[in-house]
Amino acid sequence: MEERNRRICMRLCLLLLIGCFASQIFASSDPIFHESFDESFDGSWVVSEKEDYKGIWKHLKSEGHDDYGLLVSEPARKYAIVKELDDPVKLKDGTIVLQFETRLQNGLECGGAYLKYLRPQEAGWIAKEFDNDSPYSIMFGPDKCGATNKVHFILKHKNPKTGEYVEHHLKFPPSVPSDKLTHVYTAILKPNNELQILIDGEEKKKANFFSDDDFEPALIPPKTIPDPDDMKPEDWDDKPKISDPDAVKPEDWDEDAPMEIEDEEAEKPEGWLDDEPEEIDDPEAVKPEDWDDEEDGEWEAPKIENPRCATAPGCGEWKRPTKMNPAYKGKWHTPLIDNPNYKGIWKPQEIPNLAYFELDRPDFEPIAAIGIEIWTMQDGILFDNVLIASDEEVAESYRNSAWKPKFEVEKEKQKAEDAASGVSDGLKGFQKAVFDVLYMITDIPFLSEHKEKIMDLIEQAEKQANLTIGVIISIVVVILSVLIKILFGGKKQLSLCLVAYYPAFVRAREGMLVTLSYNVRACYSQAKATLEVAETSTNKESSEEKEEQNDKEDAAAPRRRNTRREN
């Protein structure tokens, strides 16, 4: 009897252990939070009542699907809506996965489609007053407008020393997909301080919360900072070069010699038609019947190229071309010598940073609510399947079951539309790869001054695929000119020549008639001469000297001889 009871007890314990193990397995497969928007969001999500947020949220099906989502219904509006969680989600222990779908049904030229994961209400916010100032822990998702094209990841972290909340932005985040398909965005926060950003399940960015290379500003402040009260001594000389006090302008240095002179050796090409104009009145043009001389003025026939000039080397008055003046030296500048009193670059002394702290793990604030607070110029932005999970496999299962079937249908439909319009898959794929690279180029530090201009060019090309090659050429010209400017400092003549004549190089390569060879040579010679002169110039000219030099260069700039192809 006793043995029997013992066996029963062991079986019960075994069943209990199996039950506990099974419950853990099933519990781990459940998300912490999931919103599919299968049902209306009324009563579950709270729309902000703040005056600025006039945008109307709608519960509608995604275009071409039976799947519902939360839709931005009007363009040029601010939108704000929030969902409070039953229990705050702690981010400090274990893995946390943040994931959601969004579809830009009408594209995205200027607007956001990101989520904000809000701190507990003790931080000072009310659901009905949810707005841009409501305190969040994490902001994640796509944002595109002007020079901005990125999938944000922003962590608001509290400095334990100062109590200040600081926004830490992910450096070099991935760009936003430029199509109108449904995409799923995933952020994985791991206990080893690693962050992964996935788009459509594919890793696009990996970062470490404590790496200075991954977040701006760095999560951990520097140990020391420059002393704000430390002042540079008055006698500190930080000029490595000075003008040579013993230098004297050579007697034969003629500052007034022109940069260019007429080429006396040039001869008028044989067959040049002096008495023929480059353009003549179109003999086939007829004055319109409704032309009124009193109202419209005297009618003149439109001009066409003179056909007699087509077989001649040129028409009209012939003038000798100009060439670089061998006597030209430009403005004389005192040469530089090493400064005997040079002490180096002065820097204030370093002092301990009172804001410095150390942590083994970021002090993440709990997530008490999920909010969407955006401003957008586009309607048709649809959010769906907002998910928080503690298991990466759970997020993957939702991608496979909820997102992927929709995406495949949309992709096939897009392929069919492209095929009908004559756009091949290869070209679309090539263009997407090109745009991805171009957007990466905009983040190169030495192009920062030109970033907005380059972004504008890329956005134009995205809207008009036929501009892709032209945009690439334009960006190459910008990069070349910037690199040359960096290499030669302020001596910009050579870079100006490249920019001015690069289109001519392209047309000439394509076999078009371009009579620019002389001008190109002149431009190169001018740049070379300018660089040689500049090597002896001082780094700190007076503003009057700079203006005088610029005026002189402008006045003496190479003059391009008109061709019969120009109006």
Side-chain angles (χ1 to χ4, degrees), residues 24 27-34 84-100 114-125 134-141 150-174 185-199 203-225 352-371 386-396:
Q24 288 295 320
S28 65
S29 64
D30 292 334
I32 298 173
F33 171 80
H34 177 237
E84 296 183 53
L85 305 183
D86 294 334
D87 297 301
V89 178
K90 296 181 179 180
L91 305 179
K92 295 183 180 181
D93 302 320
T95 296
I96 289 293
V97 183
L98 309 176
Q99 181 170 286
F100 69 98
Y114 43 78
L115 268 57
K116 290 184 175 181
Y117 299 86
L118 282 77
R119 308 207 308 263
Q121 288 186 335
E122 289 79 5
W125 65 276
S134 298
Y136 63 86
S137 294
I138 291 172
M139 183 174 127
F140 171 53
K150 64 180 71 174
V151 178
H152 281 293
F153 186 93
I154 304 174
L155 169 65
K156 265 198 174 181
H157 190 267
K158 183 179 180 180
N159 185 309
K161 288 289 187 69
T162 65
E164 178 187 6
Y165 283 89
V166 180
E167 284 188 1
H168 302 276
H169 293 245
L170 178 66
K171 288 184 180 180
F172 311 114
Y185 298 88
T186 309
I188 305 173
L189 289 68
K190 296 187 175 182
N192 64 351
N193 299 325
E194 186 178 272
L195 168 68
Q196 282 181 283
I197 303 294
L198 314 181
I199 301 179
E203 181 181 294
K204 296 293 184 180
K205 178 73 176 181
K206 181 181 286 186
N208 189 290
F209 284 109
F210 288 132
S211 171
D212 295 354
D213 296 328
D214 292 333
F215 281 88
E216 176 65 33
L219 197 72
I220 303 297
K223 287 185 177 182
T224 61
I225 58 173
N353 184 3
L354 299 179
Y356 174 76
F357 62 89
E358 293 183 359
L359 283 178
D360 294 329
R361 177 97 169 119
D363 189 14
F364 295 109
E365 295 280 347
I367 296 174
I370 298 175
V386 181
L387 175 77
I388 301 178
S390 58
D391 190 337
E392 295 178 52
E393 294 183 358
V394 172
E396 183 180 8

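Numbers for residues simply follow the sequence, beginning at 1. What you see is a predicted model; the values in this text were computed from it and never measured. Computation of the quantities below employed the complete heavy-atom set of this structure, encompassing side-chain atoms and omitting hydrogens, waters and symmetry-equivalent molecules.
- Residues Phe33 and Asp86 form no side-chain contact, since every pair of their non-hydrogen atoms from C-beta on lies 4.5 Å or further apart.
- Between Pro366 and Pro120, the closest heavy-atom pair is O-CD, 3.5 Å.
- Using a 4.5 Å heavy-atom cutoff, the side chains of Thr186 and Val97 are in contact.
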Name every donor-acceptor pair, under 3.5 Å, that has one atom in a side chain of residues 206-218 and the other anywhere in the protein, sequence neighbours excluded.
unit_1 : atom_1 : unit_2 : atom_2 : d
Asn208 : OD1    : Phe210 : N      : 2.8
Ser211 : OG     : Asp213 : N      : 3.2
Asp214 : OD2    : Asn208 : N      : 2.8

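- To the nearest 0.5 Å, the span separating NZ on Lys204 from CD1 on Ile197 amounts to 12.5 Å.
- The line from CD1 of Ile96 to NZ of Lys90 is 11.5 Å long, rounded to the nearest 0.5 Å.
- Counting heavy atoms from C-beta on, the side chains of Lys223 and Asn353 never come closer than 4.5 Å.
- Atom NZ of Lys205 has more than 12 heavy atoms from other residues, nucleotides or ligands within 6.0 Å.
- To the nearest 0.5 Å, atoms CD1 (Ile154) and CE (Met139) are separated by 4.0 Å.
- Atom CG in Leu91 sits 10.5 Å away from atom CG in Asp363 (nearest 0.5 Å).
- In this structure, Leu189 CG and Ser390 OG are separated by 12.5 Å, a value rounded to the nearest 0.5 Å.
- Heavy atoms of other residues, nucleotides or ligands lying less than 6.0 angstrom from CD of Glu393 number 12 at most.
- By the 4.5 Å heavy-atom criterion applied to side chains, Phe100 and Phe140 are counted as neighbours.
- In this structure, Asp391 CG and Ile188 CD1 are separated by 10.0 Å, a value rounded to the nearest 0.5 Å.
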**Message:** One pair to check against side chain to side chain contact (heavy atoms under 4.5 Å, CB included): Tyr185 and Leu198. What are the steps and the verdict?
**Reply:** CA-CA 6 Å; Tyr185 298 88; Leu198 314 181; over 6 Å; no
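- Checking Ile367, Leu98, Ile370 one by one against Val89, the side chain to side chain contact (heavy atoms under 4.5 Å, CB included) holds for a single residue, Ile367.
- At distances below 3.5 Å, not a single donor-acceptor pair connects side-chain atoms of Trp125 with backbone N or O atoms of Tyr136.
- When all heavy atoms are compared, the tightest approach of Ala389 to Pro31 is CB-CA, 4.4 Å.
- Cation-pi geometry between Lys161 and Tyr356 is not met: the NZ or CZ atom fails to fall both under 6.0 Å from the ring centre and inside 45° of the normal.
- Within a 6.0 Å sphere centred on CG of Asp93, heavy atoms belonging to other residues, nucleotides or ligands number 12 at most.
- When every heavy atom of Ala355 is checked against every heavy atom of Thr162, the shortest pair comes out as CB-CG2, 3.8 Å.
- A 4.5 Å side-chain heavy-atom check between Leu359 and His157 finds at least one atom pair inside the cut-off.
- In this structure, the side chains of Leu219 and Pro362 come closer than 4.5 Å at one or more pairs of heavy atoms.
- Smallest separation of non-hydrogen atoms from Phe357 and Pro221: CE2-CD, 3.3 Å.
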**Request:** Assess whether side chain to side chain contact (heavy atoms under 4.5 Å, CB included) is satisfied between Leu170 and His152, documenting all intermediate values.
**Result:** CA-CA 7 Å; Leu170 178 66; His152 281 293; over 6 Å; no
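- At a threshold of 4.5 Å between non-hydrogen side-chain atoms, the residues Glu392 and Lys190 count as touching.
- Counting only distance, with no hydrogens or angles, the side chain of Glu365 and the backbone of Arg119 share no donor-acceptor pair below 3.5 Å.
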